[in-house]
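Below: one structure, written as C-alpha cells.
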Amino acid sequence: MLDYFFNHEKYIAKKVEEIEEEEQRKIERAAEEAEKRYEEELNWRKGLQSIVSKEQNELMSKSDLTVIAENFFFNRFKVFNDSIKIIVKTTMPDVFFDRLKLSEECLGIMVNIQKYIEIGSPMHAIFEAEKICRSSLINNFIDRCWDLTCEKASKLKTEKAQDRKFNEFYSMMEQYKSNFSDENIQHLKSKMREFLQP
C-alpha cells in the first residue's frame with residue numbers, strides 16, 4: 001500500500017510538473033507572440049515615418065496613421081496619373097523628363113506605402129510594368145517631337161532652314177540622351193537616318 005501511495009504521489013508530482021511546463025510554454029509562446037506583434041507594429045510605424053514625423057508617429061493611433069497613409073497614397077496616385085497624362089502628350093523635353101521622373105518617384109512611394117495599407121491591387125506589378133514601358137514612353141516622345149519637327153520643317157521655304165530645324169531636334173534630344181535606354185538611342189538614330197536619306 002505504501003508503494004501505491006508513493007507511486008501515486010510520484011505520478012501526481014510528474015503530472016503537476018508536466019502541467020507547469022505546459023503552462024510555462026504557453027506563457028513563453030504568448031510572450032513571443034506579443035513580442036512579434038510589438039515588432040510588427042514598430043516596423044509598421046517606422047515604415048510610415050517618411051510620411052509623418054517620429055513624434056507624430058508615436059502619438060497617433062494606428063488607425064489615424066492608416067488614414068494619413070491612405071490619403072498620402074491616393075495623393076501620390078493622383079500626381080502619378082496627372083504625370084502620365086502629361087507624359088503621353090507633351091513635346092517639351094524638360095516637361096516630359098521631369099514628369100517621367102516624378103511618376104517614377106510617386107510609383108516607388110506608392111509601392112512602399114502599399115505595405116502598410118490595404119488597397120485593391122498590388123502596386124509592384126504596376127511599378128515593374130512602368131519600368132518596362134519607360135522605353136516605349138520615351139520612343140513615343142521621340143516620335144511626337146519628330147512629327148512636330150517634320151511638320152514645322154515642311155512649312156519652311158529653304159532647305160537650309162529645314163536642315164536647321166532638324167538639327168535643333170537632334171540637339172534637343174542630345175541634351176536628354178542620359179535618360180535614354182539603348183533601345184531609345186537606336187530609335188533616335190533611325191530618325192536621323194530618315195532625315196539623311198533623300
Side-chain angles (χ1 to χ4, degrees), residues 47-53 66-198:
L48 294 178
Q49 283 182 354
S50 62
I51 301 171
V52 295
S53 71
T66 300
V67 168
I68 289 171
E70 287 171 349
N71 287 337
F72 191 79
F73 177 90
F74 289 110
N75 285 339
R76 294 296 98 196
F77 189 73
K78 183 180 182 313
V79 172
F80 171 78
N81 279 335
D82 291 345
S83 293
I84 294 296
K85 288 175 187 174
I86 292 169
I87 286 168
V88 298
K89 291 182 181 176
T90 190
T91 55
M92 298 170 58
D94 54 338
V95 172
F96 177 84
F97 287 106
D98 286 348
R99 282 302 183 138
L100 185 61
K101 182 179 177 186
L102 181 60
S103 71
E104 290 168 344
E105 289 170 359
C106 287
L107 205 48
I109 290 168
M110 291 186 298
V111 165
N112 187 41
I113 292 175
Q114 170 193 295
K115 301 172 198 169
Y116 309 105
I117 62 172
E118 291 183 32
I119 58 166
S121 62
M123 296 303 296
H124 292 286
I126 297 171
F127 187 64
E128 292 304 315
E130 207 267 344
K131 285 199 296 192
I132 293 167
C133 291
R134 189 177 202 277
S135 282
S136 294
L137 290 170
I138 293 173
N139 282 346
N140 290 338
F141 170 72
I142 292 169
D143 289 342
R144 282 194 307 278
C145 291
W146 175 254
D147 292 344
L148 184 62
T149 300
C150 290
E151 182 183 321
K152 288 181 178 179
S154 70
K155 294 177 183 175
L156 298 172
K157 295 184 182 5
T158 67
E159 191 174 313
K160 187 176 181 179
Q162 291 173 346
D163 286 348
R164 192 172 36 243
K165 184 52 78 181
F166 286 111
N167 285 329
E168 286 173 10
F169 167 80
Y170 290 113
S171 295
M172 175 183 70
M173 289 298 165
E174 208 47 50
Q175 294 174 32
Y176 295 93
K177 216 171 184 178
S178 63
N179 295 295
F180 291 3
S181 67
D182 290 341
E183 179 187 339
N184 301 137
I185 290 169
Q186 291 305 315
H187 190 67
L188 183 59
K189 286 180 179 178
S190 74
K191 297 300 177 187
M192 186 178 286
R193 284 190 294 274
E194 280 181 39
F195 168 65
L196 295 175
Q197 289 176 352

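For the single chain, residues carry numbers from 1 onward in sequence order.
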Residue pairs passing the salt bridge (Lys or Arg N to Asp or Glu O under 4.0 Å) test with at least one member in residues 86-102, sequence neighbours excluded, are none
Can you give me the closest heavy-atom contact between [X] and [Y], atom names plus distance?
X      : Y      : value
Ile87  : Ser103 : CD1-OG, 3.8 Å
Met173 : Phe141 : CE-CE2, 3.7 Å
Cys106 : Val79  : SG-CG1, 3.5 Å
Glu183 : Ser135 : OE1-CB, 3.6 Å
Met192 : Tyr170 : CA-OH, 2.5 Å
Asn179 : Asn184 : O-OD1, 4.5 Å

Under 3.5 Å, is there a donor-acceptor pair between the Asn139 and Ser136 side chains? no
Distance (rounded to the nearest 0.5 Å) between [X] [atom1] and [Y] [atom2]:
X      : Y      : atom1 : atom2 : value
Leu107 : Ile84  : CG    : CD1   : 8.0 Å
Met172 : Thr149 : CE    : OG1   : 5.5 Å
His187 : Trp146 : NE2   : CH2   : 10.5 Å
Leu100 : Thr90  : CG    : OG1   : 12.0 Å
Glu70  : Ile68  : CD    : CD1   : 10.5 Å
Cys150 : Lys165 : SG    : NZ    : 11.5 Å

Should [X] and [Y] count as side-chain neighbours, where that means a heavy-atom distance under 4.5 Å?
X      : Y      : result
Val88  : Asn140 : no
Lys152 : Leu148 : yes
Tyr176 : Ile138 : no
Phe96  : Ile142 : no

Please evaluate residues Asp147 and Thr91 with respect to the criterion side chain to side chain contact (heavy atoms under 4.5 Å, CB included), reporting the C-alpha separation (whole Å), side-chain torsions for both, the decisive distance (0.1 Å), and the verdict. CA-CA 10 Å; Asp147 292 344; Thr91 55; over 6 Å; no
Exam field: side chain Ser171 to backbone Glu168, donor-acceptor pair closer than 3.5 Å: no
Looking only at atom types and distance, does a side-chain atom of Arg76 sit under 3.5 Å from a main-chain N or O of Gly108, one as donor and one as acceptor? no
Begin from the C-alpha positions of Val95 and Ile86 and carry the test side chain to side chain contact (heavy atoms under 4.5 Å, CB included) through to its verdict. CA-CA 8 Å; Val95 172; Ile86 292 169; 3.6 Å; yes
Aromatic ring pairing Phe180/Phe97, orientation class (parallel under 30°, perpendicular over 60°, tilted between): tilted
May I ask you to decide if the ring planes of Phe73 and Phe77 are parallel, tilted or perpendicular, using 30° and 60° as cut-offs? parallel
Run the side chain to side chain contact (heavy atoms under 4.5 Å, CB included) check on Lys191 and Asp143 step by step: do they pass? CA-CA 8 Å; Lys191 297 300 177 187; Asp143 289 342; 3.0 Å; yes
